[in-house]
Visitor: 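Quick one: structure below, then a few questions.
Below, chain A is the first sequence line, B the second, and so on; all start at residue 1.
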Amino acid sequence: MNRTYAGTLDKSHAGSAATIAGWVQKQRDFGELVFIDVRDRSGIVQVVVDRSKGASEELLAIAKELRSEFVLRVAGEVRERSESTKNSKMPTGEIEIVATSIELLSRADTPPFPVDDEVDAAEDLRLKYRYLDLRRPALARNIILRDRIAHGVRDYMHRQGFLEIETPILTKSTPEGARDYLVPSRVHKGTFYALPQSPQIFKQLLMVSGLDRYYQIARCFRDEDLRRDRQPEFTQVDIEASFIDEEFVFTLIEGMFAEVFPLAGIPITTPFPRMGWQEAMDRFGIDRPDTRFGMELIDITAAAKAIDFAAFREAETVRGIVVPRGSSLSRRQIDDLSEEAKKLGASGLVWMKFDGLRGSSIKKFLDDAKFDSLRDALRANFNDLALIVAGKTTRVWDVLGSLRLKLGKEQGLIPGDRWDFLWVVDFPLFEWDEESGRFFARHHPFTSPRLEDVEKIESDPGATLARAYDVVMNGLELGGGSIRINTPELQSRMFRALGISDEDARDRFGFLIDAFRYGAPPHGGVALGFDRMVMLMARAESLREVIAFPKTARAQDLLSEAPSRVDEKQLDELGIALKRPS
RNA sequence: GGGGUCGUAGUUCAGUCGGUUAGAACGCUGGCCUGUCACGCCAGAGGUCGCGGGUUCGAGUCCCGUCGGCCCCGCCA
């Protein structure tokens, strides 16, 4: 049976026979004349049954019986419509199929919501009936795009000589990092597998194995709370290669993006600009800067210290952002920003308006000369608004970085059709954690320090730079990676610096440390957030729009109703007793 | 864990200051209709106002609790 996709038909098929199969989008009954819009994954085409043009009584009877979402197969002849009946709103609007036979394959209950791009049904309903939601062309298009991108990635990686290798899903829990999803072992009662947060250790082992160039479109699991761009199970394009350096990774990824992003009409210019972590923080207050607009952070510590204002005098740094034409913001709006700043940890937010009135929240500390000196330091123009935060540098980065993004969106400063790709490099190797009073690995504990920084691991950990890199687009982290440590000696020093005892390290990563004793090549890699890539390319607002069966904000699958209770018998077999049976 | 917001017919929503029988549109059911594509016309069915409790003569509306969707903070090496 030669089936054609409905959406692919056009004038060039006029006069030829065609068979389509799909769902009834809409039936319009005129008595002796019936139109049926038939939908399949490619689109919609109009079928016509016309008694006056020779359609049989039986055919008409079937056509009249059709309801939304009935499944049918239609055979007929493609015909160009007369000029007056063409529909320019439909891609197939110039033609229709004159049915010679209609086979009713399946009836359907009235759907709980209309299967139509126009209608915004409640999200929980859409998730419960996901199979219906996926019939909607807009959503189906995203899933189809996802396939194209995955295929593009595989094709590219294969040509670059990479092997697609699967790694275990049932693996070992390695605390530190995200919370693990655990799977109890039946054979070894009281023990648990963990689902992988990423295939990190396995891909490094594959390098020790000499397989040399690995990639995988890998499912990863993290038991943390969700966001619109975070699902508990998600997909990474995971990559690792031996005998390579940073430049290899940059070129590889730029080449991949140059192939894949144009599939969604997004232009790619390579090579991507690079920015040091320090510069990113100083200019944008964040390690994944959105470079599509200005309003950068400006250091005004020198000018601010000249003012007799305690919060400035005592601060480690004083920095500000200048909102173009922001002097029109109301007191209320500025108060909201102030509150936002406090929520982010600022002790206060100083504002200055550069209109004729020279308004400021610290006006009583400012004479005209000092007001102007701050204005000059901020390089502000007439009618601009400055927002200034003083305090610890990391805190100031945080607050101003967030306010910058918020204002950029609200003030419409972000140009719509721009795609700013960027490498962020020279990350610090460690990050100081106030709470526990120790250093953490910023990326992960296998990341190599820069060669010239190796001695700082012990002498000045905070100043040690890593051979790590992130690829960022429009302020979104698309992926990150590093060149890894490949000697047991350096790895041990790293663990010690992190306060992980030899015993601990043995227990958690012993197999990797062991492996490194048997000849580990220099290697490194990167992991890309595949769902996020698809989301960007689909111009979707949420990851849920690009995953076939996503979970809710509370990590449930409303379709299958997972997670769910299990039989007492199943728990017994696993040697598990619930603490609070209910 | 915290904050915000939403929850009324199958769907999307309206519902005034707490007051009589809870409405609209779409959808659905039946009928008519030959060029529609948001078809049109006629008739009709359809409600646990998320759930539980409270205040009140009286609650969709007020109060408390709870459940669920979404967004944000924390969290996500």
Side-chain angles (χ1 to χ4, degrees), chain A residues 25-38 44-53 55 60 64 67-69 79 81-90 92-94 96 98 108-116 118-129 132 174-180 197-198 200-201 220-232 234 339-340 342-345 398 402 406 427 429-431 433 435 439-447 466 468 477 480 482 494 498 500 508-509 527 529 541-542 544 550-556 558:
Chain A
Q25 175 73 39
K26 186 83 193 172
Q27 178 248 41
R28 289 178 295 279
D29 184 349
F30 286 79
E32 301 267 282
L33 168 72
V34 176
F35 297 102
I36 309 141
D37 292 339
V38 177
I44 295 171
V45 75
Q46 174 168 285
V47 170
V48 60
V49 174
D50 190 343
R51 191 80 174 94
S52 74
K53 299 265 169 59
L60 184 71
K64 289 178 83 72
R67 295 292 179 272
S68 289
E69 304 309 319
R79 181 176 69 187
R81 300 193 200 177
S82 71
E83 279 311 315
S84 63
T85 61
K86 285 183 178 173
N87 183 349
S88 58
K89 283 180 251 168
M90 281 176 76
T92 60
E94 288 197 309
E96 61 196 357
V98 182
D109 288 352
T110 303
F113 57 88
V115 179
D116 186 338
E118 302 303 312
V119 174
D120 53 323
E123 184 124 20
D124 48 345
L125 252 196
R126 292 176 48 200
L127 288 169
K128 183 172 175 191
Y129 299 95
L132 296 180
T174 54
E176 182 150 19
R179 207 174 285 119
D180 284 320
Q197 296 180 22
S198 83
Q200 185 61 36
I201 292 176
C220 304
F221 307 85
R222 293 179 191 176
D223 187 4
E224 298 293 347
D225 288 336
L226 286 77
R227 291 287 186 280
R228 61 214 268 228
D229 62 349
R230 260 166 39 193
Q231 282 270 315
F234 61 100
E339 196 163 317
E340 180 83 16
K342 280 179 190 151
K343 239 188 270 172
L344 294 163
D398 245 28
S402 298
K406 187 180 160 73
F427 282 87
L429 186 61
F430 301 105
E431 187 169 23
D433 181 61
E435 221 171 283
F439 282 106
F440 272 90
R442 184 173 196 96
H443 186 53
H444 57 58
F446 316 111
T447 299
E477 184 191 325
S482 64
M494 185 71 184
L498 290 168
I500 301 174
R508 281 146 67 172
F509 313 112
E541 287 295 310
S542 157
R544 292 188 299 277
K551 293 189 173 50
T552 67
R554 297 191 61 239
Q556 288 182 299
L558 296 181

Visitor: Determine the Euclidean distance between corresponding P atoms of B:A77 and B:C64; express it in Å to zero decimal places.
Guide: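 Per the computed distance, 38 Å lies between those P atoms.
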Visitor: If pairing requires Watson-Crick or G-U wobble contacts with both distances under 3.5 Å, which nucleotide is the partner of B:C37?
Guide: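 None - no nucleotide pairs with B:C37, as no candidate has both distances under 3.5 Å.
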Visitor: Is there a side-chain polar atom (N or O) of A:R230 under 4.0 Å from OP1 or OP2 of B:C75?
Guide: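 No, A:R230 has no side-chain N/O under 4.0 Å of OP1/OP2 on B:C75.
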Visitor: Mark yes or no for whether A:T447, through its side chain, and A:L429, through its backbone, hold a donor-acceptor pair below 3.5 Å.
Guide: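 No, because the side chain of A:T447 does not come within donor-acceptor range (under 3.5 Å) of the backbone of A:L429.
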Visitor: Find the partner of B:U66: check Watson-Crick (N1-N3 plus N6-O4 or O6-N4) and G-U wobble (N1-O2, O6-N3) distances, both under 3.5 Å, and reply none if neither fits.
Guide: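 Partner of B:U66: B:G50.
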Visitor: Spell out yes or no: do the side chain of A:D124 and the base of B:C70 have one donor N/O and one acceptor N/O closer than 3.5 Å?
Guide: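 Between B:C70 and A:D124, which were checked side chain against base, a qualifying N/O pair under 3.5 Å is absent.
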Visitor: Quick check: on RNA chain B, is the nucleotide nearest A:R228 upstream (toward 5') of the one nearest A:S198, or the reverse? Name the residue that is more 5'.
Guide: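 Mapping each residue to its closest nucleotide by heavy atoms, the 5'-most match is A:R228.
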Visitor: Consider the side chain of A:R28, meaning its heavy atoms from C-beta on, and name the nucleotide among B:G35, B:C37, B:C75 that approaches it most closely.
Guide: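 Ranking B:G35, B:C37, B:C75 by closest atom to the A:R28 side chain puts B:C37 first.
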Visitor: Do A:R51 and A:F30 come close enough that some side-chain heavy atom pair is under 4.5 Å?
Guide: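 No, side chains not in contact.
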Visitor: Specify the separation, in whole Å, of atom CZ of A:F509 and atom P of B:A77.
Guide: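 Rounded to whole Å, this separation is 13 Å.
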Visitor: For A:D50, answer base if it contacts any base atom (sugar-phosphate contacts may also be present), sugar-phosphate if it contacts only those atoms, and nothing otherwise; contact means non-hydrogen atoms under 4.0 Å.
Guide: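 Base contact - A:D50 has a heavy atom under 4.0 Å of at least one base atom.
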Visitor: If we call it a pair only when both distances are under 3.5 Å in a Watson-Crick or G-U wobble match, what pairs with B:C76?
Guide: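 WC or wobble partner does not exist here.
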Visitor: Mark yes or no for whether A:E94, through its side chain, and A:K86, through its backbone, hold a donor-acceptor pair below 3.5 Å.
Guide: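 Not at all, since once roles are kept as given, no pair shorter than 3.5 Å links the two residues.
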Visitor: Using Watson-Crick or G-U wobble geometry with both distances below 3.5 Å, tell me the partner of B:G44, or none.
Guide: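 The base-pairing partner of B:G44, which may sit in any strand shown, is B:C28.
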Visitor: Say you pick atom P in B:G31 and the same atom in B:A38; how far apart are they, in whole Å?
Guide: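 Result for the P pair: 25 Å, nearest Å.
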Visitor: Between B:C42 and B:C33, how many Å separate the two P atoms, rounded to a whole number?
Guide: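 To the nearest whole Å, 16 Å.
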Visitor: Looking only at heavy atoms, what is the nearest atom pair of A:A468 and A:S482, with distance?
Guide: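 Minimum heavy-atom contact is CA-CB, 3.9 Å.
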Visitor: Considering just the side-chain nitrogens and oxygens of A:R67, establish if one lies under 4.0 Å of OP1 or OP2 belonging to B:U29.
Guide: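 Answer is yes, contact under 4.0 Å.
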Visitor: Is B:G58 paired to anything, Watson-Crick or G-U wobble with both distances less than 3.5 Å, and if yes, which nucleotide?
Guide: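 Answer to the pairing question: none, since B:G58 forms no Watson-Crick or G-U pair.
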Visitor: Rounded to the Å, how far apart are A:R544 CZ and B:C71 C1'?
Guide: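 Going from A:R544 (CZ) to B:C71 (C1'), I get 9 Å.
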Visitor: Spell out yes or no: do the side chain of A:R81 and the base of B:C37 have one donor N/O and one acceptor N/O closer than 3.5 Å?
Guide: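 Looking at the base of B:C37, it does pair with a donor or acceptor on the side chain of A:R81 (distance under 3.5 Å).
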Visitor: According to a strict under-4.0 Å criterion, is A:T110 in side-chain N/O contact with OP1 or OP2 of B:G10?
Guide: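 For B:G10, OP1/OP2 do not have a side-chain N/O of A:T110 under 4.0 Å.
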Visitor: Could you tell me how far apart A:E123 (CD) and B:U12 (C1') are, to the nearest whole angstrom?
Guide: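 Computing the A:E123:CD to B:U12:C1' distance gives 15 Å.
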Visitor: Where the side chain of A:R126 meets the backbone of A:A121, is there a donor-acceptor pair that is under 3.5 Å apart?
Guide: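 No; judged by distance alone, with no hydrogens or angles, the pair does not exist.
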Visitor: Between B:G60 and B:U16, how far apart are the two C1' atoms, rounded to whole Å?
Guide: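 Each nucleotide's C1' atom is 13 Å from the other's.
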Visitor: Of the listed nucleotides (B:C37, B:A77, B:G74), which one gets closest to any side-chain atom of A:D225?
Guide: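 Nearest nucleotide to the side chain: B:G74.
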Visitor: Would you say the side chain of A:R79 lies within less than 4.5 Å of the side chain of A:V48, judging by non-hydrogen atoms?
Guide: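 Yes, side chains in contact.
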Visitor: Whether the side chain of A:R126 and the base of B:U11 hold a donor-acceptor pair under 3.5 Å is what I'd like checked.
Guide: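 By the distance-only test, no, there is no pair.
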Visitor: Mind checking if A:T552 touches a base, just sugar-phosphate, or nothing, with heavy atoms under 4.0 Å?
Guide: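 If one applies the 4.0 Å heavy-atom cut-off, A:T552 turns out to touch the sugar-phosphate alone, with no base involved.
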Visitor: Starting at atom CD of A:Q46, determine the distance to atom C1' of B:C39, rounded to an integer number of angstrom.
Guide: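 From A:Q46 CD to B:C39 C1': 11 Å.
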Visitor: Could you tell me how far apart A:R554 (CZ) and B:G68 (P) are, to the nearest whole angstrom?
Guide: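 A:R554 atom CZ is separated from B:G68 atom P by 4 Å.
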Visitor: For A:I500 and A:R508, work out which heavy atoms get closest and say how close.
Guide: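 Answer, listing the atom of A:I500 first, then A:R508: CD1-NH2, 4.3 Å.
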Visitor: Which residue, A:K551 or A:D398, contacts RNA chain B at a nucleotide closer to its 5' end, judged by nearest heavy atom?
Guide: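 Here A:K551 is the residue nearer the 5' end.
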Visitor: Counting only side-chain nitrogens and oxygens, does A:K343 get under 4.0 Å of the OP1 or OP2 atom of B:G2?
Guide: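 For A:K343, the contact criterion (side-chain N or O under 4.0 Å from OP1 or OP2 of B:G2) is not met.
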Visitor: Suppose you measure atom C1' in B:G46 against the same atom in B:U55; what distance do you get, rounded to whole Å?
Guide: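 Approximately 33 Å lies between the C1' atom of B:G46 and that of B:U55.
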Visitor: For nucleotides B:G27 and B:U12, find the distance between their C1' atoms and express it as a whole number of Å.
Guide: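 B:G27 and B:U12 have their C1' atoms separated by 11 Å.
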Visitor: OP1 or OP2 of B:C37 less than 4.0 angstrom from a side-chain nitrogen or oxygen of A:K86, does that happen here?
Guide: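 Answer is no, no contact under 4.0 Å.
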Visitor: With a 3.5 angstrom cut-off on both distances, give the Watson-Crick or G-U wobble partner of B:C13, or none if there isn't one.
Guide: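 Pairing partner: B:G23.
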Visitor: If we take the C1' atom in both B:G74 and B:C6, what is their distance in whole Å?
Guide: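 One C1' to the other, the span is 23 Å.
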Visitor: Hey, is the side chain of A:K128 poking within less than 4.0 Å of OP1 or OP2 on B:G69, counting only N and O atoms?
Guide: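 Answer is no, no contact under 4.0 Å.
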Visitor: Counting only heavy atoms not in A:E339, do more than 12 fall under 6.0 Å of its CD?
Guide: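 Atom CD in A:E339 is not crowded, with 12 or fewer foreign heavy atoms closer than 6.0 Å.
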Visitor: Considering all heavy atoms of both residues, which atom of A:D180 and which atom of A:D223 are nearest to each other, and what is their separation?
Guide: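 Looking at all heavy atoms of both residues, the closest pair is O-CB, 4.0 Å.
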Visitor: Rounded to the Å, how far apart are A:L125 CG and B:A9 P?
Guide: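 Distance check: A:L125 CG to B:A9 P gives 11 Å.
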Visitor: Between atom CZ in A:F113 and atom P in B:G7, what is the gap in whole Å?
Guide: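 Nearest whole value for this atom pair: 20 Å.
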Visitor: Is there a donor and acceptor pair, one atom on the side chain of A:R179 and one on the base of B:G74, closer than 3.5 Å?
Guide: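 Under the 3.5 Å cut-off, the side chain and the base do not form any donor-acceptor pair.
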Visitor: Check if the side chain of A:S52 and the base of B:U34 share a donor-acceptor pair of N or O atoms closer than 3.5 Å.
Guide: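 Counting by modelled atom types and ignoring angles, a donor-acceptor contact under 3.5 Å is found here.
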Visitor: Can you tell me if the side-chain N/O atoms of A:Q556 get under 4.0 Å from OP1 or OP2 in B:G69?
Guide: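 For A:Q556, the contact criterion (side-chain N or O under 4.0 Å from OP1 or OP2 of B:G69) is met.
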Visitor: Less than 5.5 Å between centroids and less than 30° between ring planes, does A:F35 satisfy that with B:U36?
Guide: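 One would call A:F35 stacked on the B:U36 base.
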Visitor: Rounded to whole angstrom, note down the C1' distance from B:C41 over to B:U34.
Guide: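 Those two atoms are separated by 15 Å.
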Visitor: Separation of A:E32 atom CD from B:U36 atom P, in whole Å?
Guide: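 Taking atom P of B:U36 as the reference, CD of A:E32 is at 17 Å.
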